Amino acid sequence: MRKNEYSDYRSVIADSWNRCIAWGLDHDHEPAPLMPESARLEEINRQYSELLSVTEAEVLPYYRNVLSNSRCLILLSDQHATVLNSWGDERITETRLKPWFQAGANWQEQNCGTNAIGTSIAVGAPVQIQRNEHFLKTNRSIIGSAAPIFDAHRQIAGVLSVFSDAYLPQAHTLGMVRLLSQSVENRLINRQFGPDHFQITLNTTADNFDSPWSGILMCDDSGRVIASNQRADQLLGINTVEARLDELFTGHRNRILGHPETETLQLTTRSKVRLSARIKRPTRLGENAAQTEPARLPDEVRQADGFLGIDNLEYGDSAVKRCATQSHKVLQRGVPVLITGETGVGKEVLVKALHRASHRKDQPLVAVNCAAIPPELVESELFGYEPGAFTGARAQGSLGFIRKAHKGILFLDEIGEMPLSAQSRLLRVLQERVVTPVGSTDSLPVDILLVTATNRPLSSRIDNGHFRADLYYRINGLCVELPSLRNRADRLPLIQTLYSQHRDPGQSEYLSPKVLSALENHPWPGNIRQLVNVLRVAIAIADGEDVQVWHLPEDFLAEFETTAGEESETAMQEPGIAGLEVEPEDTLARTLKVYRKCTGNVSHAARELAISRNTLYKRLRELGVR
């Protein structure tokens, strides 16, 4: 646990004890459970029927399988700390505490002092209360972990908690109860809003859409967010409910909501954060409408990323070629490789190519996004664990990612986000070539080639104490930096090649000079990932026709027009350059002529002039037409 996290944790306990003292409780107080009458219990069950059914039918069967070998008790409570139901091993509790784990018992702090359920509600966050951290001595035989379940309006709908009397590592229990509460929260939102709304699932990479830690936005067909989960707010940095997609992302809402369900969409937030997204349309929207299956890309195109070879990663850029060649040579000798570069430059593509070119191509390539795993679960996920090693351990144990990569290549993406405790254990694995699963004293040999990646300098993480310097020098056998797209010398052939891979069969084999110019001169903050997305959007909008400038996304087109306008102004100011003088009157005159020719149809006029509708509206206002 980091220093600031430990400080926050101690503050939660201290604040709770202060509240208990203010309520007049003392450590020897022994509250009596006030069980509601059966009629009141029936009313509570009716009131929370949806929460109960979602928890029991969709989440707890899986969770019970995971916990079948553990001595623990799972409780679901409402937002007032009243127990709704319980599952698990009741033997963990002493006889005098059994009534507190029955439906109807209430765990509010005012009555029971500091405890997992009541304190989680009080602070509105996950908490873990160790034995002696309970304010009342009567509760000090148990350990409790709890996490609130929030509804679509960010109000606490209930609390999930796990209680144990075993002296076991508890960080995993807190991580798993957080995971479980997030799963329930997501399923409640899906059940309530999914049938009638668009669902946008967000995550940092496309590999983690099915994770409970994905962000979820539920939108109507106008792009207004009707409901969302907490993770969506964290990824976007604001409260997303009632926001509009055009306010959250740079892309137009129609492009987002119209994206094929089967394909990943790359989105850029207004704060320039790149996210992967998946769209799911309302299930009731098209029940009676004809369904059109999107055109399938050829297999060789759809699988292009996975089958790029080490020799065709570049089309004339010496920096990329040097990165690929050097990485291949040193990795073959067992030297670890650290890949740096901005988001979207193709780090994952390079790793796949290295794997296919290596002598271990028939062995596994195991890719792990260190930022996508909850901190409490990183060690067990990486190093594996023995059966019964902690509360929540699978009965058969787990190999862990490192042992799964035995004889192959382990790729640790976003390595800078790995918790310090896991960094220490990873350093030992790399030094001694053995791994010790959680809960075991036996060290098992592992044979791996290591590739790591980061999109921000690790030196700053080392300076602020978040990354070990000794681990940095261990993973940094060879450090290569992939150049950004705007700095690549082969930008033009790369654009043309990617277009050729994604174009529809009836479209021209080559992009027009105007389109190529717009693409080549763009700054590309999202790099190759953004380029592929722009090309796919343009190809889709062109719908079989040759791609023109106006087929490019509106946000991209606006940036291109701004750049082009600046260049035109510069050209007009430079004397002696024949043919570059542009008279504003001529531009406005042509605009008016085309507008009249199109009988006032803004969309048609903008298309013929190769400008956006916004630019056309500006010119028309200058002419006094609108």
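What you are looking at is a predicted structure, and each value in this text was computed from that prediction instead of being measured.
A distance of 11.5 Å separates CD1 in I142 from CD in Q130, rounded to the nearest 0.5 Å. For the atom pair OG1 (T269) and CD (E247), the distance works out to 13.5 Å, reported to the nearest 0.5 Å. Between R131 atom CZ and S141 atom OG the span is 7.0 Å, to the nearest 0.5 Å. Between atom NE2 of residue H134 and atom CG of residue N139 there is a gap of 5.5 Å, rounded to the nearest 0.5 Å. One finds the CG atom of L265 at 8.0 Å from the CD1 atom of I200 (value rounded to the nearest 0.5 Å). The CG atom of L217 sits 12.5 Å away from the NE2 atom of H197 when rounded to the nearest 0.5 Å.
A salt bridge links E379 with R425; the closest basic N to acidic carboxylate O contact falls under 4.0 Å. Taking the charged nitrogens against the carboxylate oxygens, E348 and R529 do have a contact shorter than 4.0 Å, which makes a salt bridge. Note on E43 versus R40: salt bridge recorded, some NZ/NE/NH1/NH2 to OD/OE distance being below 4.0 Å. Using a cut-off of 4.0 Å between Lys/Arg side-chain N and Asp/Glu carboxylate O, K404 and E381 are scored as not salt-bridged. Salt bridge status for E242 with R224: present, with a side-chain N to carboxylate O gap under 4.0 Å. Note on D470 versus R468: salt bridge recorded, some NZ/NE/NH1/NH2 to OD/OE distance being below 4.0 Å. Taking the charged nitrogens against the carboxylate oxygens, K347 and D413 have no contact shorter than 4.0 Å, which rules out a salt bridge.
Formation of a donor-acceptor pair under 3.5 Å by the D233 side chain with backbone atoms of T240 is found in this model. A side-chain donor-acceptor contact under 3.5 Å links S120 to the backbone of A125. Panel note: side chain R433, backbone I448; a donor-acceptor pair is recorded below 3.5 Å. With R461 contributing its side chain and G416 its backbone, the two residues share a donor-acceptor pair below 3.5 Å. Distance alone, capped at 3.5 Å, places no donor-acceptor pair between the R474 side chain and the L427 backbone. Although no hydrogens or angles enter the test, the distance criterion places a donor-acceptor pair under 3.5 Å between the side chain of S181 and the main chain of R178. In terms of modelled atom types and a separation under 3.5 Å, the side chain of N229 and the main chain of I216 share a donor-acceptor contact. Side-chain atoms of R270 come within 3.5 Å of backbone N or O of F249 as a donor-acceptor pair. In terms of modelled atom types and a separation under 3.5 Å, the side chain of T82 and the main chain of D78 share no donor-acceptor contact. Under a 3.5 Å cut-off, the side chain of R187 and the backbone N or O of S183 do form a donor-acceptor pair.
A pairwise comparison of heavy atoms in C112 and L136 identifies O-CD1, 3.4 Å as the closest pair. Pairing each heavy atom of A277 with each of L267, the nearest pair is CB-CD1, 3.7 Å. Closest of all the heavy-atom pairs between P126 and L174 is CB-CD1, 4.2 Å. Across all their heavy atoms, T114 and S16 have their closest contact at OG1-OG, 2.6 Å. G144 approaches A116 most closely through the heavy-atom pair C-CB, 3.5 Å. Residues F135 and R140 come closest through the heavy atom pair O-NH2, 3.3 Å.
Contact of the T55 side chain with the L84 side chain is not registered, since no non-hydrogen atoms from C-beta on lie closer than 4.5 Å. Between V273 and L275, the closest side-chain pair of non-hydrogen atoms falls below 4.5 Å. Looking at V368 and I373, their side chains come closer than 4.5 Å, going by heavy atoms from C-beta outward. When side chains are defined from C-beta on, C219 does not count as touching I226, because their heavy atoms never get closer than 4.5 Å. With contacts defined as side-chain heavy-atom distances shorter than 4.5 Å, the pair M176/V162 does not qualify. The closest side-chain heavy-atom distance from V429 to Q431 is not below 4.5 Å. Q423 is not listed as a side-chain neighbour of S421, based on a closest heavy-atom distance of 4.5 Å or more. Side chains of D151 and L188 form no contact here, defined as non-hydrogen atoms less than 4.5 Å apart.
A donor-acceptor contact closer than 3.5 angstrom is absent between the side chains of R456 and T343. At a cut-off of 3.5 Å, with distance as the only test, a side-chain donor of E185 or Q230 sits close to an acceptor on the other residue. In the model, R274 has a side-chain atom that pairs as donor or acceptor with a side-chain atom of T268 under 3.5 Å. S443 and T436 are linked by a side-chain donor-acceptor pair at a separation below 3.5 angstrom, with hydrogens and angles left out of the test. In summary, the side chains of R154 and S228 do present a donor paired with an acceptor at a separation below 3.5 Å, with no hydrogens or angles considered. Under the 3.5 Å distance criterion, with hydrogens and angles disregarded, no donor-acceptor pair is assigned to the side chains of S276 and N203.
In this structure F383 satisfies the ring-ring contact (aromatic ring centres under 6.0 Å, His included) test with no other residue, sequence neighbours excluded. Remark: R19 pairs with E109 by the salt bridge (charged side-chain N to carboxylate O under 4.0 Å, His left out) rule, at least two apart or across chains. Applying the salt bridge (charged side-chain N to carboxylate O under 4.0 Å, His left out) test to E414 and every residue at least two apart in sequence or in another chain returns nothing. In terms of the ring-ring contact (aromatic ring centres under 6.0 Å, His included) criterion, residue partners of W100 (sequence neighbours excluded) are, by chain and number, W107. With sequence neighbours excluded, no residue forms a ring-ring contact (aromatic ring centres under 6.0 Å, His included) with H80. Residues passing the side-chain contact (heavy atoms from CB on, under 4.5 Å) test with T441: none are found, sequence neighbours excluded.
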Check against side chain to side chain contact (heavy atoms under 4.5 Å, CB included), V446 and V434: CA-CA 5 Å; V446 287; V434 296; 5.8 Å; no
Test side chain to side chain contact (heavy atoms under 4.5 Å, CB included) applied to N476 and L458, step by step: CA-CA 11 Å; N476 188 15; L458 289 178; over 6 Å; no
Test ring-ring contact (aromatic ring centres under 6.0 Å, His included) applied to H27 and W17, step by step: CA-CA 10 Å; H27 298 304; W17 278 44; 5.1 Å; yes
From CA spacing to verdict: side chain to side chain contact (heavy atoms under 4.5 Å, CB included), Q128, E133: CA-CA 9 Å; Q128 184 170 83; E133 290 170 347; over 6 Å; no
D28/K137 under side chain to side chain contact (heavy atoms under 4.5 Å, CB included): CA gap, chis, key distance, verdict: CA-CA 6 Å; D28 296 316; K137 292 179 181 178; 3.2 Å; yes
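Ring to ring, F163 and F101 are close: their centroids are under 6.0 angstrom apart.
Paired with F198 under the rule side-chain contact (heavy atoms from CB on, under 4.5 Å), one option of V225, I256, D221 passes, and it is D221.
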